[in-house]
Amino acid sequence: MAHPPPAPQFTLRGSGAQVNTLHFCCKDPDPPLLFSGSSKGAVHIWNLTTRRAERVLEGHGGASVIWLSTLNSRNTLISQGRDMQVCTWDLSGGRCSVTDSFLTGSVGFCQCSLLETQPGRWLLAHPAAAMEEVSIVDVPSKTLVCSLKADANRGMLMCVKLWQPDSGQGPLLLAGYEDGSLTLWDVSQRKPLSRLAAHPQPVMCFDFDPVKLRGISGSSERAVISWTLDGQQSLQLQDSVQLVNAGVSHLRIREDRKIVASAGWDHRIRLFGWKRLKPLAVLQHHTDMVLCVAFSDHRDPCRRVMAAGSKDQRISLWSVYNEG
Amino acid sequence: MENMSAEAEVRLHVSQCVRTLSTSGDAEEVAHSLHTLVSYLDNESQEKISPAQRDEFNRTHYTSFLKFLVGNLKANKLQLLTSAQCSDLWDGLFLRGPPDQALLVLMDYIASSCPSAGLDRVVGVLERYLQSGRLAALLWSRCQGSFSPDSPQLRETLLGRLVSLPDLTANHLHPHNRPLFLPAQYYPLLARELSIALERTCQALREGQDCSLSFVAQLLGKACVQGHSEHMFKELAPHLSARTRSDMVWQRVCWRLMEDVPERWMESVVTGLVQAVEGPAALSRIMGNVVVKNKKAQFVMTHKLLLLQYKYKTSVVRTLLGYLAQDRERRPLLIQVLRSLCQTWANSSAVRHTPVEQQLYLSRALLVCLGLLSDTELQELRPELLQCMMGGMQCHLDNCLVRVRRVGMVVGECLSARLDTGGAKLKFQYEEDDETRELLSMMDPLPAEDAAIADRPDPSQSNKRSEIKGQSSPEEVTSLTSPVDPVRPAEQGCDSELDSDDELTPYDMSEDREMTKATPPRYLRDCMEALISSEDGERVELSLRAAEGLVRKNSSAVREVSVELTKVLLHLEDRYSTAGFLGMRQAAMVALAVTDCIPVTEYLTTEFYSLNYSLRQRLDMLEVLTLAAQELSQPITEKTRPSQGTRSAANIVPIDPCDAPLHWRKVVEQRIQGKTRRFGKGASRPPASASPNRYAPVAGFFFFPLLQKYDRPQVTFDLLGSDHLVLGRLIHTLGLLMYLAVNAPVATQMGRALLDFVWAVRYHVDQVVRQGVLFAICAVFLSMPSQNLLSELSDHLLETRAWLADVAEGDPDADCRSLALQSLVLLEKSLKAELEPPAMALQS
C-alpha cells in the first residue's frame with residue numbers, strides 16, 4: 001500500500017496577488033531567502049527561517065512580475081515585468097532601489113534566461129519586440145549580443161533557456177514557440193541547429209538538463225513530453241507521460257537530476273522520476289492553478305525544499321524525496 | 001502321376017512322423033521327426049524336398065498336423081526336448097508354415113482351452129508369431145494375385161480372428177494377457193504389418209505381378225468398424241501420407257485400398273482416416289477420388305461429417321473441405337456441400353433447434369468452404385449465397401442467445417466481404433473474443449501443406465531427415481531465432497539504471513482524478529431537476545452518481561418524489577455517454593424501489609405492460625424489480641436497521657445489464673445446486689435460523705401485477721409473439737421473485753399462479769423461454785411448501801414429471817437439460833417429503 005501523499009511543510013500567505021515566479025537564494029549563510037513575484041508588481045522576499053516576508057519591493061509600476069533571479073549574491077536581484085522592463089536591484093545593506101533597467105519591448109509572457117559567462121558577467125536571453133524574436137544582451141553592460149529571429153509562422157516566443165555546453169563551443173539556446181515547436185539555436189553562430197515539433201499546442205514551459213542532454217516540456221494538453229539532444233545537436237522525441245488533467249504551467253528538474261516537478265492547471269503539483277518519468281506523487285493543496293515551482297539551492301541536500309506558487313495567492317513549501 | 005506319388009509320399013512321411021511323435025519316448029527320435037517336418041517348411045533345408053511335396057504338405061497336412069501338435073501338448077512330449085530344440089523345432093513349425101493356418105490353429109486352441117502350461121506355451125508362440133512379422137506374411141499371401149480364392153467362410157473367420165485377437169485373448173487369458181495383445185499395441189502392430197504388405201504389393205506391381213487388395217481392405221474396414229480406427233490410422237496415416245508423396249504406385253495402391261473397402265465399413269474407415277491425416281493434400285493422395293466413386297463415402301464426407309455430426313476438430317473440417325477442393329472432379333461436391341451448408345445455416349428452424357456448438361461447427365465449415373471457393377465459382381453462386389446471407393442473418397439476429405447472434409454476425413460479415421457486394425459490406429459491432437477470432441481465421445487459407453508435413457517427425461523416414469535438414473528446416477529456424485536471448489543483458493543494464501528511479505517510492509496517486517467544474521447535488525430535488533432539465537453533461541453525470549446515495553439517505557424525502565424520480569430515471573438517456581451510466585441508473589432505481597417499495601413497484605409493474613417502451617426499458621424494469629426484491633429479502637438485523645439499506649446496497653455491484661440475467665441465474669443456480677446436493681445425500685439440513693425480511697410482506701406487489709396482462713398484445717409489444725426475449729426474462733424474473741418469497745405466506749398463491757402461467761409456454765420454441773420456464777419451475781419447487789405443491793400439482797403431477805423427464809433427455813439446449821434434471825430431483829424430494837411422514841406414522 002502506497003503512502004498517502006505528503007502535506008506541505010509550510011504555506012506562505014500574504015503575497016496579495018497570484019504568485020507568478022519564485023526564486024530561492026539559500027546558498028549563503030542564513031537566513032535562506034525566497035523571492036516571489038506577484039501579478040501586482042510586487043516582489044516579496046521571504047525569510048524561510050522566520051517564514052515572514054522581510055521586504056516587499058515595488059518596482060514594475062504595478063505590472064505583473066514574471067521572472068526573478070539574483071546576480072552573484074542575494075544582494076543583486078534582477079526582475080522582469082510585464083511593463084516590458086528588466087530591472088536590476090541593489091538590496092545590500094537594507095537598500096531596495098532599482099539600479100538599472102532596460103526595455104525589452106516584449107508584451108508576451110516569456111521569461112528571461114540568465115547564463116553566467118565569467119564572474120561578474122552574464123548573458124541574458126529575453127523576448128524582444130518582435131513576437132518570435134529572442135535577444136541576448138550582455139549584463140551588466142546591457143549591450144545587445146545578438147538577436148535570434150525565427151520564422152514568423154512559429155508564432156510567439158513562449159519560453160527560452162540559455163546554457164553553456166560542456167563541449168566548449170558557444171552557448172546554446174533552446175526556445176519554445178507558440179506552434180508547439182522547440183528550436184535549438186547556436187548563439188555564437190546565430191543560427192538554428194535543430195527543430196522539434198513537440199506539441200500540437202503552444203509550448204507552455206520546458207526545462208533542460210545540460211548534463212544528460214535531456215529536456216521535458218509541457219503544454220496545454222494532457223501530457224508532458226521528454227526529448228533528448230543527440231550528438232549531432234538534433235532534438236529527438238523520447239517519451240511522454242499522460243496526465244489526468246490538461247495543462248502544465250511550469251516544469252522544473254531538481255538540481256540532483258532525480259525528480260521533476262510540474263505545476264498543473266488542475267491545482268496539483270506532480271512529481272516524476274527524471275530517469276524514466278515514472279509518476280511519483282500528486283500533491284493536492286492549492287485551490288487554483290499552480291503557476292510556478294522551484295527547488296531550493298541549499299548546500300545541504302537534506303534541507304532542500306520545493307516551493308510552488310499558485311493563483312490562489314499562496315506559496316506552498318514541500319519537503320519531498322530529500323532522503324539520501 | 002508324379003503328383004499322385006508326391007501326395008502319397010508326403011502322406012506316408014507325415015503319418016510316420018505323427019506316429020513317432022505320439023508313441024516314442026525317445027528324445028532323439030522326437031527331435032528327428034520334428035526336424036523332418038520343419039524341413040518341409042524351409043526352403044533352405046538340406047533335405048531334398050520338391051516344391052510339389054512342399055505344396056502338398058502345406059495344403060493338406062499342415063493344419064491337421066499343427067492341431068495334432070497342440071492337441072498333444074498335455075502328453076509332455078516337450079519335456080524330452082531341450083529348450084533350444086523346443087523353440088527352434090516346435091515353435092518353428094508354427095512360425096515357418098503358412099501363416100494363416102498357423103494363426104487359426106493357435107487362436108482356436110487359445111479360445112478352446114483352459115489355463116495350463118500348454119496354453120502358456122501356445123500364447124508364447126502366438127506372441128513370437130506376432131513379433132516375427134508373420135502377420136505381414138499372412139497379409140501379403142492374401143494380396144498375391146496368384147493366390148487361390150478361398151472360401152468366403154474361411155476368409156470371414158480369418159478376418160474375425162485377426163481383428164478380434166485382443167478381445168479373444170483378453171477373454172481367455174484374463175490377467176495373464178500379454179501386453180502385445182492389448183488393443184493399444186496390437187492395432188498399431190497390425191497397421192504396421194499392413195503397410196509392410198502394401199509395400200510388398202507395390203514392389204510386386206512394379207515387377208508386373210498381379211495383386212489383390214480386397215483382403216487387406218476388408219481387414220482395415222473391419223478393424224475400423226469395430227472402433228479401432230484411431231489406433232490403426234495413428235500408425236497408418238502418416239506412413240501412407242509420406243509414401244504417397246512422390247510415389248505414384250503407392251498412390252494407386254492406396255486408392256485401390258480405399259475403393260476395395262466394403263460398403264458397410266466405408267464410413268468408419270473414412271471417418272478414421274479424415275481424422276488422422278494431416279492436411280487436405282495428404283488426404284487427397286491417400287483417398288484419391290473415392291468420394292466421387294463410392295456413394296457411401298460421398299454421403300459420409302459431404303453430409304454426415306459436416307451436417308449431422310459436430311464433434312470433430314476444426315482441422316478435420318479443414319482437411320475434409322480442402323480435400324474436396326483439391327481435384328477438378330471433386331470440385332462439384334464442394335459446391336454441393338456449400339449449398340447444403342448455406343441452406344442449413346439459413347434455416348431458421350435449424351438455428352432455433354440445434355445446439356449452439358453444432359451451429360458453431362457449421363459456421364466454421366461454411367467459412368472454410370467460402371475460403372476455398374474460386375472467384376468464378378463465387379460469381380456463379382452469388383445469387384444463392386446472397387439469398388442465404390439475407391435469410392441466415394435474419395434468423396441469427398433474431399435469436400436470443402448472444403453467442404448465436406455473434407456467430408451470425410461474423411459469418412455474415414465474412415459472407416458479404418467474400419461476395420464483394422459493391423462497397424456495401426455488412427459490418428457489425430460485436431465484442432471480439434477467441435471464438436470470433438477463430439471463426440474469422442477460418443477464411444484464411446491453410447499454410448502450404450508440404451511445409452507443414454515436412455517438419456513432422458516420421459519414424460519411417462528418419463534416414464531422410466538429414467536431407468531435409470539441409471534445407472531450411474524448422475529446427476534451424478528456431479536455432480536462428482533463439483539467440484534473441486543474449487539481448488537480455490543489455491536490457492538488464494537498462495534495468496539497473498531504472499533502479500535509481502525505483503528507489504523513489506511513489507506515493508498513493510489514487511486521488512488524482514479528473515477535475516470537475518460542477519459540484520454534486522446535495523438535495524434530492526436538485527438532483528432530480530438536474531436529471532430532468534440539465535443540458536450540462538457534467539452536472540447530469542454528477543447527479544446520477546449522487547442519486548443512489550441521496551435516495552438511501554433521505555427516505556422521507558424520497559417518499560414524496562419516488563414515482564416521479566423513477567419515471568425520470570427510466571426515461572433517462574445516455575446522452576453524454578457517461579461511464580457506468582447503466583449501472584448507476586439501475587442502482588438509483590433499485591434504491592428507490594427498496595426505499596419506497598409499494599408505489600414504485602406498482603409503477604414499474606404497470607409500466608411494464610404499457611405502450612411505447614423500448615425492449616431495453618422493459619428489461620430494465622424487470623432487472624430493477626429483481627434486484628430490489630433481492631435486496632429486500634436480506635434478513636433484517638434489528639440493530640443495524642437504519643444502515644441496512646446502505647449496507648446491502650454495497651452488495652449490489654453495478655452490473656452490465658446484458659450480464660444481469662446470467663448473474664441472477666448463476667447465483668440462484670448455485671443456491672439450487674447447493675440445496676440439491678444436500679437433498680441427494682439425504683443429510684438433514686441444519687435448521688436455518690428464522691429471521692424476518694422486508695420482502696415477504698410486499699412480495700405480492702412485485703409478483704402478481706406482472707402476471708396480469710401477458711396475453712394482451714399491444715401495438716408495440718407482443719409478449720407471446722415476437723418479443724420472446726422479454727418473455728424469457730419475464731419468466732425468469734417471476735421465478736426469481738418466487739424463489740425469494742420462500743417461507744412467505746403468499747408463496748403458495750404465487751406458486752400456483754406461476755405454474756399456471758408457465759404451463760402454457762412450456763413448449764416454447766425459444767430456448768431462452770424454455771430455460772426461464774424450467775428455472776421458474778425449480779423456483780416453485782423450492783419455495784412452495786411441499787403439501788401445497790402436491791395438492792396444486794395433483795392433476796398434472798404425472799404429466800409434469802413426464803414432461804420434465806422428456807426435456808431432461810431430449811432438449812437440444814444443455815442448460816435446459818440440466819435445469820430439467822434439477823427440477824426432477826427437487827420434485828422427487830418434495831414427493832418423498834410429503835409421502836413419507838404418513839407412512840412412518842402408520843408404522844408407528
Side-chain angles (χ1 to χ4, degrees), chain A residues 1-8 212 214 220-222 226 238-239 241-248 253-254 256-262 264-290 301 306 311 318-324, chain B residues 484-522 526 530 534-546 549 574-584 647 650 653-654:
Chain A
M1 183 63 209
H3 293 286
K212 288 191 179 160
R214 252 180 100 207
S220 55
E221 326 131 358
R222 293 188 169 198
S226 77
Q238 190 184 40
D239 202 358
V241 188
Q242 292 299 309
L243 305 178
V244 176
N245 292 300
V248 182
I253 303 169
R254 199 162 75 176
D256 61 3
R257 289 183 294 279
K258 276 191 177 165
I259 58 173
V260 185
S262 77
W265 294 1
D266 60 350
H267 317 173
R268 293 165 206 176
I269 305 154
R270 282 160 217 277
L271 300 178
F272 304 92
W274 177 226
K275 290 249 159 70
R276 306 214 141 199
L277 293 189
K278 171 175 146 191
L280 292 176
V282 178
L283 306 175
Q284 298 207 41
H285 171 75
H286 290 287
T287 53
D288 210 332
M289 278 166 82
V290 186
M306 178 181 80
K311 205 173 174 179
W318 308 76
S319 171
V320 279
Y321 295 107
N322 275 344
E323 316 76 32
Chain B
V484 170
D485 282 351
V487 178
R488 270 278 171 83
E491 262 175 47
Q492 279 167 355
C494 289
D495 284 355
S496 65
E497 202 183 350
L498 180 96
D499 288 345
S500 63
D501 246 15
D502 280 346
E503 79 193 22
L504 306 170
T505 348
Y507 289 102
D508 179 22
M509 281 176 280
S510 55
E511 289 299 302
D512 189 18
R513 290 200 212 95
E514 281 201 41
M515 301 262 296
T516 47
K517 289 196 192 85
T519 48
R522 302 254 162 88
D526 288 349
S534 179
E535 292 298 318
D536 178 5
E538 219 165 301
R539 232 182 115 206
V540 173
E541 181 182 342
L542 282 173
S543 305
L544 191 59
R545 214 177 276 283
D574 190 6
R575 273 187 299 174
Y576 307 103
S577 86
T578 314
F581 174 84
L582 291 170
M584 289 191 288
R647 209 195 58 195
V653 259

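Convention: sequence-line order gives letters A, B, ...; per-chain numbering from 1.
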Peer 1: At a heavy-atom separation under 4.5 Å, does Asn245(A) approach chain B through its side chain, its backbone, both, or neither?
Peer 2: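 Asn245(A) touches chain B through side-chain heavy atoms alone.
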Peer 1: For the residue pair Gln284(A) and Glu511(B), what are the closest heavy atoms and their distance?
Peer 2: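 In this case the closest contact between Gln284(A) and Glu511(B) is NE2-O, 3.2 Å.
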Peer 1: Rounded to the nearest 0.5 Å, what's the gap from CG on Asp266(A) to CZ on Arg513(B)? Could you check?
Peer 2: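 Answer for the CG-CZ pair, Asp266(A) versus Arg513(B), is 13.5 Å.
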Peer 1: What's the spacing between Leu504(B) CG and Arg276(A) CZ if we round to 0.5 Å?
Peer 2: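 If we round to the nearest 0.5 Å, Leu504(B):CG and Arg276(A):CZ are 13.5 Å apart.
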Peer 1: Can you tell which part of Ile259(A) gets under 4.5 Å to a heavy atom of chain B, answering side chain, backbone, both or neither?
Peer 2: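 Contact with chain B is through the side chain of Ile259(A) alone.
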Peer 1: By a 4.5 Å heavy-atom criterion (distance strictly below it), what part of Pro5(A) contacts chain B: side chain, backbone, both, or neither?
Peer 2: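 Contact with chain B: backbone and side chain both.
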Peer 1: I need the minimum non-hydrogen distance between Pro279(A) and Pro506(B), along with the two atoms involved.
Peer 2: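 For Pro279(A) versus Pro506(B), the nearest heavy atoms are O-CB, 3.8 Å.
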Peer 1: Any heavy-atom pair between the side chains of Arg270(A) and Asp512(B) that's under 4.5 Å?
Peer 2: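 Yes, close enough: below the 4.5 Å cut-off.
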